[in-house]
Amino acid sequence: MVLEVIKIIKQLKAEGTTILLVEQNLAMALKLTDYIYILIKGPLFLQVLMIN
């Protein structure tokens, strides 16, 4: 099931669709995103622009 969701997210991204992904699996999220925002108990902790 997880691999199916990843495939769909990659497909939507390739089509140019903006996605707000809330995910606990940071390793997976890093492979799918252009921007990372990390929140710890509410406030913004870290913001990263992913450069591929």
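Here the structure is a predicted model, which is why all the values come from computation and not from measurement.
Considering CG of L3 and NZ of K7, their distance stands at 10.5 Å, rounded to 0.5 Å. Expressed to the nearest 0.5 Å, how far CD1 of I36 lies from CG of L30 amounts to 4.5 Å.
In the displayed structure, E4 atom CD is contacted under 6.0 Å by at most 12 heavy atoms of other residues, nucleotides or ligands.
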Please list, one pair per line, the donor and acceptor atoms closer than 3.5 Å that link side chains of residues 17-26 to other protein atoms, with sequence neighbours excluded.
residue, atom, partner, partner atom, Å
T17, OG1, L12, O, 3.4
E23, OE2, N25, N, 2.9
N25, OD1, A27, N, 3.3
N25, OD1, M28, N, 3.1

